[in-house]
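Comments concern the structure below.
All chains are named by letter (A, B, ...) in the order of the sequence lines, taking the proteins before the strands, and each is independently numbered beginning at 1.
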Number of protein chains: 2
Amino acid sequence: MHMVVRTFEKNEIIYSEGDEPKNLLCLIKGKVKIYKEGVGGRNQIVRVVRPVEYFGYRAAFSEENYVTGAAAFEASTIAIIPMRLIYSIVDRNAHLCNFFIRKLAKALGKSDERTVNLTQKHIRGRLAESILFLKENYGVEEDGCTLSIYLSREDMANLSNMTTSNAIRTLSLFAQEKMIAIDGRKIKIINEEALRKTSEIG
Amino acid sequence: MHMVVRTFEKNEIIYSEGDEPKNLLCLIKGKVKIYKEGVGGRNQIVRVVRPVEYFGYRAAFSEENYVTGAAAFEASTIAIIPMRLIYSIVDRNAHLCNFFIRKLAKALGKSDERTVNLTQKHIRGRLAESILFLKENYGVEEDGCTLSIYLSREDMANLSNMTTSNAIRTLSLFAQEKMIAIDGRKIKIINEEALRKTSEIG
DNA sequence: GGAAAAGCGTGTTTTTTAGCATACCTTTGT
DNA sequence: ACAAAGGTATGCTAAAAAACACGCTTTTCC
């Protein structure tokens, strides 16, 4: 009945679809994906978490089991706070209550936008958008243009709703077109304007 | 600074993407769609509202303008409650606060599931799912199998993430396969089991 | 009541995307 | 150091979905 902090190694699962939510999680250090298993082993990343953000509490508040899973993109440090503690505080702390309302409301808006982006844009648009999203969310290295997250092609695909081969193919195309430069998992944004345009028009 | 009730006619817009959210809405009677404009005039219905449900408050809580629009599927009666009233109550009423947390948390879970269903299932799966969804959400007529909502083919398409012609074609196929019977906009579920299977396997 | 518009049905073509197969290159673990 | 496994690259084929074209029917509105 008290908070603990533990580390998760790269690719370690933090919780799985169907698990009962007992804790509020707070990412102290690292990078985490929230994903959903789809048809034929294909996963869809629905959200990503950066430090310092809370996650894993939605299911608890709606009294359901998790409908998504969470895993560490890279070695991560996470604070684990029993939801029972939270419930008792929320009940008499309007401030905390508003905090969660706000977080949930923002996440819902993002989720709705994401639904449309993933369903209506074409492959190039979706991938361009993912690259920009990763930049906005996790930032870049000191050079100002290399994404500071290094994802496998499969994770890029799962983020962008496409097959791994299409992610590989389209990344190569973007590199040919000098919108990005790729070196293994390192993605450098060369022409952000073009990328933005691609993400908008498809 | 007080609640009003007004009616909206069929297809009338209740609020639009980009509008500033000032009110909490409550659908008293009728049926409402929450949708998002996509690429090339294609809309995606992200949620539907039935009586008696609250809607239109998400954007207010997250202090954004609306990212979705709302319109009446059919003639509807709606209570309009200024958000300013709500804010003042939420601040000191833990019960109401929990109500909104719960609603938002549930909606977010649904939205995540919807994202994956819309992106990964094939046309047949998506349409079958929409039909079952409409049954669960709005129910059936006295005969126990005719959906009590009558949508245009275009709305069926917008609900299922497909073009209007594909919605028309696939509905005809389902009718040929005796899973449903169609008579204009009337959809009768003949073989729910088959429909459910179609929605699962694609 | 009749013209115009909106909605529906069906067939064909084209584009987009998934699915495979194969080769090569990097890690990982022993 | 080496085998095995996992990840990346590329080409080809098949399937799915969109786009288009056209005719027909129903609604809407002067």
Can you tell me if the side-chain N/O atoms of A:R153 get under 4.0 Å from OP1 or OP2 in D:dG6? no
On the six-membered ring of A:Y138, is A:K31 placed so that its NZ or CZ lies under 6.0 angstrom from the centre and within 45° of the ring axis? yes
Sorted by chain and number, sequence neighbours left out, side-chain contact (heavy atoms from CB on, under 4.5 Å) with A:Q120 holds for A:V116, B:V39, B:R42, B:Q44
Measure from NZ or CZ of B:R6 to the centre of the six-membered ring of B:F8 and say whether it is under 6.0 Å with the direction within 45° of the ring axis. yes
Send over the distance from A:K186 NZ to D:dG7 P, rounded to a whole Å. 20 Å
Once you round it to whole Å, what is the distance between C1' of C:dG7 and NZ of B:K10? 11 Å
Mind running side-chain contact (heavy atoms from CB on, under 4.5 Å) on B:V48 and B:I149 for me, showing each step along the way? CA-CA 11 Å; B:V48 301; B:I149 185 169; over 6 Å; no
Which whole-number value in Å describes the distance from A:D183 CG to D:dA9 P? 10 Å
Nearest-angstrom distance from the residue atom CZ of A:R185 to C1' of C:dT26: 10 Å
From C:dT10, D:dT10, D:dG7, nucleotide with atom closest to B:S172 side chain: C:dT10
Quick one: A:L171 CG to D:dG7 P, roughly how many Å, whole number? 16 Å
What's the CG-C1' distance between B:L173 and C:dG11, to the nearest Å? 13 Å
Rounding to an integer number of Å, can you tell me how far B:N11 CG sits from D:dC29 P? 11 Å
For nucleotides 13-22 of chain C, read 5' to 3', which letter fits each nucleotide if B means a protein heavy atom sits under 4.0 Å from the base, S means only the sugar-phosphate is that close, and - means neither? ---SSBBB--
For A:I168 and D:dG6, what is the distance between atoms CD1 and P respectively, to the nearest whole Å? 16 Å
Do the side chains of B:R196 and B:E192 get close enough for a salt bridge, i.e. N-O under 4.0 angstrom? yes
B:I34/B:Y15 under side-chain contact (heavy atoms from CB on, under 4.5 Å): CA gap, chis, key distance, verdict: CA-CA 9 Å; B:I34 310 293; B:Y15 59 79; 3.8 Å; yes
